[in-house]
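See structure below.
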Amino acid sequence: MPSSPLPDGHAATLVLDQLTLDRRDGDGRSFSILAIPALTLEPGTSLGVSGPSGSGKSSLLHLVAGLITPSAGRVSWGDTVVSALAEGERDRWRRRTIGFVFQDFHLVPELDVAANIALPASFSSWRLDAVDRRRALDLAEQMGLADPRRRAAVLSRGEQQRVAIARALFGKPALLLADEPTASLDAARSEAIGALLVEAATRCGASLICASHDAALLARMDRRLDLTPTPAKHAT
Amino acid sequence: MNPFPMLLADLRALRWTAPAIVLLVAIAIASGIAIGAQERALRQGSARAADDFDLIVGAPGSQTQLVMSTVYLQPDALPLLDGRILQALAQDERVAAFAPLGFGDVSRGYPVIGTTAAFAGRWGRIAPSEGRLFAAEGEAVIGADVNYRPGDTIAPSHGTAGSQGRHGEDSEEEHAHRHEGHGYTVVGRLPKLGSPWDRAILVPIESVWEIHGLGNGHASEAATSDAPFWHAGTTRTGTPPETIGRIGPPFDGKRVPGVPAIVIKPKSVAGAYALRAQYRQGGTMAFFPAEVLVSLYGALGDIRSILVVASAANTVLILLSVVLLLIAVNGLRRRRYATLRALGAPRSYVLLVTWLGAALLIATGCILGLGLGLAATHAVSGLVAARTGLALSPSVGIGELSQAAMLCLVGSVLAALPALASYRAPVLSGLRAD
């Protein structure tokens, strides 16, 4: 069982402590990808992460999601030290805590809208019960998706990202992670999706971390973290 | 954990590749099954055809050739036995029944075989399905598949070795060798035996002898000379000519004509072996057809083993290439599975989805292969029956089922390879893959 004393999906404070992530290049030399001395994100707050490509925005999200472990330092969620959990426990913690939205949506094109939204339920339970099915349909409606029976392959990019957000919200996450959620959309759709994402996080009381180049989206966030290498990296 | 929504999505993403994989596996399995089932059906069918031929006596030569000519009616020129043996057999106490077999004539491609009425009725085992057995010279009883009808007149031709016209059709070759002025009247039809004898025309051996100018083998020979039986077919159809002498054993004439083969039904097993020993010397050979069949089956079995090994190797190669294909497909799906992991799917979920997908394709192929193999076996049996008249009843036995189950198992184990490859793939590089 997960070592978290908190109920699943319960809001908690995210703490990054002396976090560094190093990689080795082709010559075997170690170089730093990311270094964050300290960061605390209160429950329900949103954080915009900016910085040029390669500055470690995605790596930060992957570290927080427990998809990778830091070279040094730790990631804590409430009393749970996520970076110290074994892989299976991290999978379980991620399933109960995190909702992930990707730049390229990553839907399953062969499944319809409702099945894509409810897909995370199949990771842990055998049957999709009536409550879950209802929830998937409600989320589709909230996201402005008219027909939940349409296959993901035939949706427009904006619609696909709406489905992806609904899928991220399906597990009632306490922490929403969005990696460039508007980068592959045109300006008008970016605006709508950005608003939708922030509104959705607020409605379910989830913390939100959003890595983006999009100034309009970043402006919607409570706080911002600029990962531009020099002269300074600081949380505001 | 319920991998099926994702599994179905994966299969749907394969489009036509999925049925193609199933079909490939099915064909591989089917060929192995068809070989096994067909060989067994052939063995059973050919053994059944030899049922009433307990002991065969013939002139020295090839036993195999004699079996092919007597049991399976393959036309061939056979040396003749001295007719006096027929007289000796009539007095032999070890003999329950015997029948001479005279080959050589054909009509519409059907062999005309001279024998006794008792053997035509298979020693009492079968009764005619229409009409009656022949009771006099000039009468004929036809096999179930012969396309003459009772009442028809059959004009026999002298067969030429190696050329057998198509069944049921007149041919020019036959016409050129017709025994002019001779005819048989069909008086009955035999039920289906499931052997080449279903395509034979059975007539009294005496008629065959007389057509070839050899007399009739009976003591009362002279009495028949002024009213030859063959006028029967052209004058009084259907009623046996009254002037004809009796037919069948004993053949007590001063000079009994020769015959190519004699079938003997011995009274006892001991008698059978004694008869076989006795007629193996002094210008004759005697043997049980089973002896010949056993050695034939031995050769057949060797060929079968080679074919089975070849088809098994074939199947394993196909399974391996299917597994390679699936590894490649899963490589292309790295990002798809990495996304699932990022959404919270445990590794075991990805393992289950990929393994079940591969195993399902292979298992479906195995089951379809069983059906396809059975269908192929039936089709080949139909061809064999059409060509030889040998009725085969193919069935899928334990051997074939376990073969399919074995390959299914091997396939499922192999299916774990692409699944393990996906299982071990790191999430992050998968997410970054394009």
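Naming: A, B, ... by sequence-line order, numbering from 1 per chain.
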Taking atom CZ of B:Arg347 as the centre, report whether more than 12 heavy atoms of other residues, nucleotides or ligands fall under 6.0 Å from it. yes
Pull out the residues in residues 147-167 of chain A that come under 4.5 Å of chain B, heavy atom to heavy atom, sorted by number. A:Arg151, A:Arg167
Do you know which of B:Val353, B:Leu340, B:Asp10 has the most heavy-atom pairs under 4.5 Å to chain A? B:Leu340
Is the CE atom of B:Met1 crowded by more than 12 outside heavy atoms at less than 6.0 Å? yes
Between A:Ser124, A:Pro120, A:Ser125, who has the most heavy-atom pairs with chain B when the cutoff is under 4.5 Å? A:Ser125
Would you say that A:Val108 contacts B:Arg336 through its side chain, given a criterion of any heavy-atom pair below 4.5 Å between the two side chains? yes
Quick one: are B:Arg335 and A:Asp104 in side-chain contact, heavy atoms under 4.5 Å? yes
Between A:His62 and chain B, with a heavy-atom cut-off of 4.5 Å, which part of the residue counts as in contact: side chain, backbone, both or neither? side chain
Exam field: side chain A:Asp91 to backbone B:Pro346, donor-acceptor pair closer than 3.5 Å: no
Residues, nucleotides or ligands: over 12 heavy atoms within 6.0 Å of A:Arg127 CZ: no
Tell me whether B:Arg341 is salt-bridged to A:Glu87, with the criterion being a basic N under 4.0 Å from an acidic carboxylate O. yes
What one should report as the nearest heavy-atom pair of B:Ala342 and A:Phe102 is CB-CZ, 3.6 Å
Could you look at A:Leu67 and say if it's the side chain, the backbone, both or neither that has a heavy atom under 4.5 Å from chain B? side chain
Quick one: what part of A:Phe170 sits under 4.5 Å from any heavy atom of chain B, side chain, backbone, both or neither? neither
Would you call B:Tyr349 and A:Ser122 a side-chain contact if the rule is heavy atoms closer than 4.5 Å? yes
B:Leu352 versus chain A, heavy atoms under 4.5 Å apart: side chain, backbone, both or neither? neither
Can you tell me how far CZ of A:Phe105 sits from OG1 of B:Thr339, rounded to the nearest 0.5 angstrom? 12.5 Å
Rounded distance (nearest 0.5 Å) linking atom CG of B:Asn2 with atom CH2 of A:Trp126: 4.5 Å
